[in-house]
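To start, I am sharing the structure in question, which I have written as structure tokens.
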Amino acid sequence: MRDRREKLDRLRAAGIDPYSRGFLPTHSTEAAKALLGDAERTDSVSIAGRLMVKRLQGGVVFADLQDGHARMQLMANRNILGEEEFARFADLDTGDIAGVTGPVFRTRRGEITVEVHKFQLLTKSLRPLPEKWHGLKDVEIRYRQRYVDLIANPQVRAVFRARTKIITALRGLLDERGFIDVETPVLQEIPGGGHARPFQTHHNSLDRDLFLRIALELHLKRLLVGGFERVYEIGRVFRNEGLSPRHNPEFTLLESYQAYAGYEDVMQLVEDLVVVSAMAAGRPLETSYQGESVNLAPPFRREKMADLVLEHTGRHATGEELNDLFEEHVQPRLRHPTFVIDYPVEVSPLARPREDDPRFVERFELIILGREYANAFTELTDPIDQRARFESQAAKRAAGNVEAHPMDEDFLRAVEYGLPPCGGLGIGIDRLVMLLTDQPSIRDVILFPLMKAES
RNA sequence: GCCGGCGUAGCUCAGCUUGGUUAGAGCAGCGGUCUUUUAAACCGAUGGUCCAGGGUUCGAAUCCCUGCGCCGGCACCA
């Protein structure tokens, strides 16, 4: 780094701005390569990006320039640039951002290359790049300094591009079906809609404690009360829990609510969402995750939780015990996509009871490879029942269960105005992206995962 | 929070089991040769708080303890 500071000073002394501007690329590296086609050479193009590798060869310098999509080779020739400019090009460092102009041609080895006729240093890099062959492997640096990871590891860029494509595809399908994309508060007085410990904060001028949301549910349902019949939000939620390869304290949730639908309809929606997101990620439905094969082609198997627990444990159970037995003995064994349906009412304070057996609710989770990807139910619309459920949760809370659902009087007031019958859905986007990009850790699909303080 | 593994040059890694000259290699950077290379090649010089602190020892990168960070598992949890 000291060498580069000195180089920077030399450049400035020579009247060259190492942080210049005004260079306008005419092509991306991809477009410039495509431009050549079968021709011998093209007219002049201008491309810009970061120099990744430099190969000095006497009177010729080869370098690879990386832009947002790809890399392209540059060739600078002393005979073309002249002694002085050639020396200045050869003096560029890997990591520098430069713009170059010249025709595209093919080298003797067949590499499509820009012949540098003019170039401009746009940004001098003061820090050396990671190893050109092995890339950056140290996971701590990869997460803490994601920018370096993105420069050095093209697979990482591909994962995050896939993430964006998946989210775009999810929005596309929902938009197409008439769902409107809304934004609801992150700062909430009562963090509801899920079971988790919230982050607490404080608004100074209102002198009021607030929580970061743990779910989107209760505000989206208020919008159905208001008359929007199909809404969704893809938003960050925050849960004050431990970290793991599958848990980051802030993560992205998709929730959608659809009036006049039941959980059967939502199952179909989930199947469609999985299919479009796999396509967007460029994954076949017959695929694998971390070496284990999995078939994502719908229709997904549908099984009642009580039946599964009976099958795997031989036990008839209900209530929280049923849910506990399911999570311990059944869920890890469900490898191919399975809709587990009809949860006990005790663990589902916002879901509609089954008419034929009110000990269970019309709820499902989608389990793939032992992990939960979606949670949905036919929503509870009866305000009297909803109040009773909240009261039962409040009792658990009073007994010390910090994750029991808090009472929310404003939500109850909304439901008292009349919530249309509806089906709701939540999908953990990060886990879906992990599955579809075959990444082992949630930190590999979140650009800047939470880390302890750097010492 | 508990248990285990790991932490050596800017990066990728040896060395640690069994303590012993001045801690090594490749890449990057620096100087040089080289006009079609692509992990370019070759020659030369440089580069280290061996995570931090303490201990054992004549002597610690190496053994022990504590702390910090990262990873994994468990707990907790979408």
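What you see is a predicted model, and the numbers here were worked out from it, not measured in a lab. Letters A, B, ... are given to chains in the order of the sequence lines, protein chains preceding strands, and every chain is numbered from 1.
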- Pick the C1' atom in B:rG10 and in B:rA28, then give their distance to the nearest Å.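 Pairwise C1' distance, B:rG10 against B:rA28, rounds to 7 Å.
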
- Message: Within the supplied structure, the quantity of interest is the number of heavy atoms (other residues, nucleotides, ligands) at a distance under 6.0 Å from A:Asp209 CG; does it exceed 12?
- Response: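 Count over threshold, so yes.
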
- Message: Taking atom CZ as the centre, does A:Arg157 end up with more than 12 heavy-atom neighbours from other residues, nucleotides or ligands that are less than 6.0 angstrom away?
- Response: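 Atom CZ in A:Arg157 is crowded, with more than 12 foreign heavy atoms closer than 6.0 Å.
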
- Message: How many whole angstroms separate atom CD of A:Glu327 from atom P of B:rC76?
- Response: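 After rounding, the gap between these two atoms is 10 Å.
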
- Return no unless some side-chain N or O of A:Arg443 is found under 4.0 Å from OP1 or OP2 of B:rG72.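 So the side-chain polar atoms of A:Arg443 do come within 4.0 Å of the phosphate oxygens OP1 or OP2 of B:rG72, strictly under.
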
- Rounded C1' spacing from B:rU62 to B:rA23 in Å: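 Each nucleotide's C1' atom is 11 Å from the other's.
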
- Message: I'd like the P distance from B:rA14 over to B:rU66, given in whole Å.
- Response: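 Pairwise P distance, B:rU66 against B:rA14, rounds to 27 Å.
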
- On a plain distance test, is the side chain of A:Asn77 in donor-acceptor contact with the base of B:rU36 below 3.5 Å?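 Check fails, no donor-acceptor contact within cut-off.
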
- Along RNA chain B (nearest heavy atom to each residue), the more 5'-positioned of A:Pro245 and A:Arg78: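 That would be A:Arg78.
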
- If you measure from the P atom in B:rC51 to the same atom in B:rU38, how many Å do you get, rounded?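 Comparing P positions in B:rC51 and B:rU38 gives a spacing of 37 Å.
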
- Query: What integer number of Å spans the C1' atoms of B:rC11 and B:rG29?
  - Reply: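 Their C1' atoms lie roughly 12 Å apart.
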
- Message: I'd like to know if A:Arg108 reaches the base of B:rU36 with its side chain, counting only an N/O donor and acceptor under 3.5 Å.
- Response: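 It does not, because no donor-acceptor pair links the side chain of A:Arg108 to the base of B:rU36 below 3.5 Å.
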
- Query: Can you find a donor-acceptor N/O pair under 3.5 angstrom joining the side chain of A:Glu111 to the base of B:rU38?
  - Reply: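 Donor-acceptor pair under 3.5 Å: yes.
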
- Message: Roughly how many Å apart are B:rU36 and B:rG48, using the C1' atom of each and rounding to a whole number?
- Response: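 About 39 Å, rounded to a whole number of Å.
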
- Determine the interatomic distance between C1' on B:rG69 and the same-named atom on B:rC30; round to the nearest Å.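 That atom pair is separated by 33 Å.
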
- Item | Short side-chain N/O contact to B:rC34 OP1/OP2 from A:Arg55, under 4.0 Å |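 Checking A:Arg55 against B:rC34: no side-chain N or O falls below 4.0 Å of OP1 or OP2.
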
- Task: May I ask you to establish whether A:Arg146 and A:Phe448 are in a cation-pi arrangement, using a distance under 6.0 Å from NZ or CZ to the six-membered ring centre and at most 45° from the ring axis?
- Result: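 The answer is no, since A:Arg146 fails at least one limit relative to A:Phe448.
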
- For A:Glu233 and A:Ser256, indicate whether the former's side chain and the latter's backbone hold a donor-acceptor pair under 3.5 Å.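 Side chain of A:Glu233 to backbone of A:Ser256: no pair is present.
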
- Message: Can a donor-acceptor pair be found, under 3.5 Å and without considering hydrogens, that links the side chain of A:Gln188 to the backbone of A:Pro185?
- Response: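 Pair found, side chain donor or acceptor close to backbone of A:Pro185.
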
- Query: What does B:rU12 pair with, Watson-Crick or G-U, if both distances are under 3.5 Å?
  - Reply: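 Paired with B:rA25.
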
- Rounded to whole angstroms, how far apart are CG on A:Leu51 and P on B:rG29?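 In whole Å, B:rG29 P lies 11 Å from A:Leu51 CG.
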
- Message: Give me the distance, rounded to whole Å, that separates B:rC2 from B:rC63 when you measure between the P atoms they each carry.
- Response: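 Comparing P positions in B:rC2 and B:rC63 gives a spacing of 24 Å.
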
- Task: Quickly work out the A:Ile151 CD1 to B:rA28 C1' distance and round it to whole Å.
- Result: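 After rounding, the reported distance stands at 14 Å.
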
- Query: Which nucleotides of nucleotides 3-14 of chain B have their base under 4.0 Å from a protein heavy atom (B), which only their sugar-phosphate (S), and which neither (-), written as one string 5' to 3'?
  - Reply: -------SBSS-

- Message: Looking at A:Glu183, I want to see if its CD is surrounded by more than 12 non-hydrogen atoms of other residues, nucleotides or ligands under 6.0 Å.
- Response: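 Result for CD/A:Glu183: open.
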
- Message: Can you list, in residue-number order, the parts of residues 270-278 of chain A that come under 4.0 Å of RNA chain B, counting heavy atoms only?
- Response: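 Heavy-atom contacts with RNA chain B come from no residue of residues 270-278 of chain A; none.
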
- Residues in ring-ring contact (aromatic ring centres under 6.0 Å, His included) contact with A:Phe89, at least two apart in sequence or another chain: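 Checked A:Phe89 against ring-ring contact (aromatic ring centres under 6.0 Å, His included); matches are A:Phe119.
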
- Message: Please report the distance, rounded to the nearest Å, between CZ in A:Arg41 and P in B:rU36.
- Response: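 From A:Arg41 CZ to B:rU36 P: 16 Å.
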
